[in-house]
Amino acid sequence: MNKQPIRFILAILLLTSSSFCFGETESGFISLFDGKTLKGWQASLGGKWEVKDGVLLGTSQKADKRHGILFSEKEYSNFILRAKFRVLQGNSGFYFRAESRNTPIRAYGFQAEIDRTQNTGGLYETGGRAWVARPDQKAIKERKYQPGEWTDLEIHAVGKDVSVRINGIPSTKLKNDPGRTKGFFGLQLHGGQDMHVEYKDIRLKNLDR
């Protein structure tokens, strides 16, 4: 039996089953950023998002009080998300399962904190409980987070269980959390701050498929 037509059909099904992706990067993971454009993402008012040298670059000035958020065009529920980031100025965050609202803050829901302090990797709920979990001293010691250097981020969200890893080390973990279980990804430029943050290699394993 000729298997070539079957392979062709499977390839077409894979390409059409997702709102956007740019090929498989590792087992079961797809890329959400093509390294060249903002395709698959939508920027809110506030700050500036652009692509330079294969990197998502976000900048804003202190005079801008709006939170500039780069939202994914699609909502997600259960997943493993991996990315690399570095913060040269200001306070950022990687929102997930977030709600987009027409307010100066724009994103409501959980963010994995990303800044130049050791709170990075904590879980903050915008428009809700504020700080829900922060990294403990054991995690801070083991993960060796250096502000301004490229850092690995990993977010697991399955049902009501959520966890964040920094450089492969568990930083925060929640079980049976009452927060949102579906929403958008969002990269944050915090209003009222001079901001310079970079993201790359954003990959997703969608556990709903």
Side-chain angles (χ1 to χ4, degrees), residues 10-61 67-98 100 106-107 110-116 120-121 143 145-157 164-168 171 183-190 194-209:
L10 288 174
I12 294 298
L13 289 173
L14 178 61
L15 288 171
T16 57
S17 64
S18 177
S19 174
F20 66 96
C21 66
F22 306 101
E24 187 169 318
T25 60
E26 53 200 291
S27 181
F29 283 80
I30 58 173
S31 177
L32 299 186
F33 169 50
D34 65 9
K36 300 176 182 178
T37 70
L38 296 179
K39 183 178 179 181
W41 299 83
Q42 181 67 47
S44 69
L45 296 176
K48 180 181 180 181
W49 288 99
E50 59 188 321
V51 180
K52 285 191 174 182
D53 300 323
V55 171
L56 274 171
L57 168 62
T59 54
S60 61
Q61 296 182 347
H67 286 47
I69 309 293
L70 185 66
F71 284 105
S72 63
E73 291 182 350
K74 183 179 178 182
E75 292 183 294
Y76 297 91
S77 181
N78 300 299
F79 57 83
I80 301 172
L81 184 288
R82 292 175 180 168
K84 294 182 182 293
F85 70 87
R86 64 179 176 181
V87 185
L88 301 184
Q89 282 186 293
N91 181 323
S92 185
F94 201 113
Y95 278 96
F96 58 97
R97 292 176 166 178
S100 175
R106 288 308 302 262
F110 263 139
Q111 63 170 295
E113 178 71 9
I114 291 174
D115 61 29
R116 292 182 59 80
T120 293
R143 69 191 188 177
Y145 172 57
Q146 296 294 324
E149 294 186 0
W150 282 112
T151 303
D152 291 322
L153 168 70
E154 186 169 307
I155 302 170
H156 290 234
V164 178
R165 293 171 179 257
I166 297 293
N167 289 331
S171 288
F184 298 97
F185 294 128
L187 313 182
Q188 182 197 52
L189 296 174
H190 199 291
D194 291 322
M195 288 291 313
H196 182 141
V197 62
E198 300 176 0
Y199 292 90
K200 65 179 181 178
D201 299 341
I202 304 173
R203 298 101 68 202
L204 174 80
K205 178 179 281 191
N206 190 345
L207 302 180
D208 286 329
R209 293 173 54 187

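Taken from CG in L153 to CZ in F85, the straight-line distance is 6.0 Å, to the nearest 0.5 Å. In this structure, L81 CG and K205 NZ are separated by 13.0 Å, a value rounded to the nearest 0.5 Å. Rounded to the nearest 0.5 Å, atoms CG (L32) and CD (E73) are 11.0 Å apart. S60 contributes atom OG, which lies 9.5 Å from atom NE2 of H67 (distance to the nearest 0.5 angstrom). Note that CZ of F29 is 11.0 Å distant from CG of N206, once rounded to the nearest 0.5 Å. The distance from the CG atom of L70 to the CZ atom of F33 is 9.5 Å, given to the nearest 0.5 Å.
Residues I80 and L204 have side chains not in contact (no heavy-atom distance under 4.5 Å, counting atoms from C-beta outward). Between W41 and I202 the shortest side-chain heavy-atom distance falls below 4.5 Å. Counting only heavy atoms from C-beta outward, the side chains of T151 and N167 approach each other to under 4.5 Å. Side-chain atoms of Q61 and D194, non-hydrogen and from C-beta on, do get closer than 4.5 Å to each other.
Judged by distance alone, with hydrogens and angles left aside, the side-chain atoms of S100 form no donor-acceptor pair with the main-chain N or O of A98 at under 3.5 Å.
A search for side-chain hydrogen bond (donor to acceptor under 3.5 Å, both in side chains) contacts involving T120 returns D115, not counting sequence neighbours. Partners of F185 according to the ring pair (Phe, Tyr, Trp, His ring centres under 6.0 Å) rule, which considers only residues two or more places apart in sequence or in another chain, are Y76, F79, F94. For H156, the ring pair (Phe, Tyr, Trp, His ring centres under 6.0 Å) criterion is met by no residue, not counting sequence neighbours. Listed by chain and residue number, R180, K182, F184 satisfy the side-chain contact (heavy atoms from CB on, under 4.5 Å) test with E75 (two or more places apart in sequence, or in another chain).
Sorted by first then second residue, the side-chain hydrogen bond (donor to acceptor under 3.5 Å, both in side chains) pairs that include residues 79-98, not counting sequence neighbours, are E26-R82, N78-R97, R82-E154, K84-D152, R86-E198, N91-E113, S92-Y199, Y95-Q111, Y95-T126.
Considering all non-hydrogen atoms of both residues, A112 and I155 come closest at CB-CD1, 4.0 Å. The two residues D208 and S77 have their closest heavy-atom pair at OD2-CB, 3.2 Å. The two residues G121 and I166 make their nearest non-hydrogen contact at CA-CG1, 3.8 Å.
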I'd like a table of donor-acceptor pairs (distance under 3.5 Å, sequence neighbours excluded) in which one partner is a side-chain atom from residues 42-57, with atom names and distances.
| residue | atom | partner | partner atom | Å |
| --- | --- | --- | --- | --- |
| S44 | OG | I69 | N | 2.9 |
| S44 | OG | I69 | O | 3.2 |

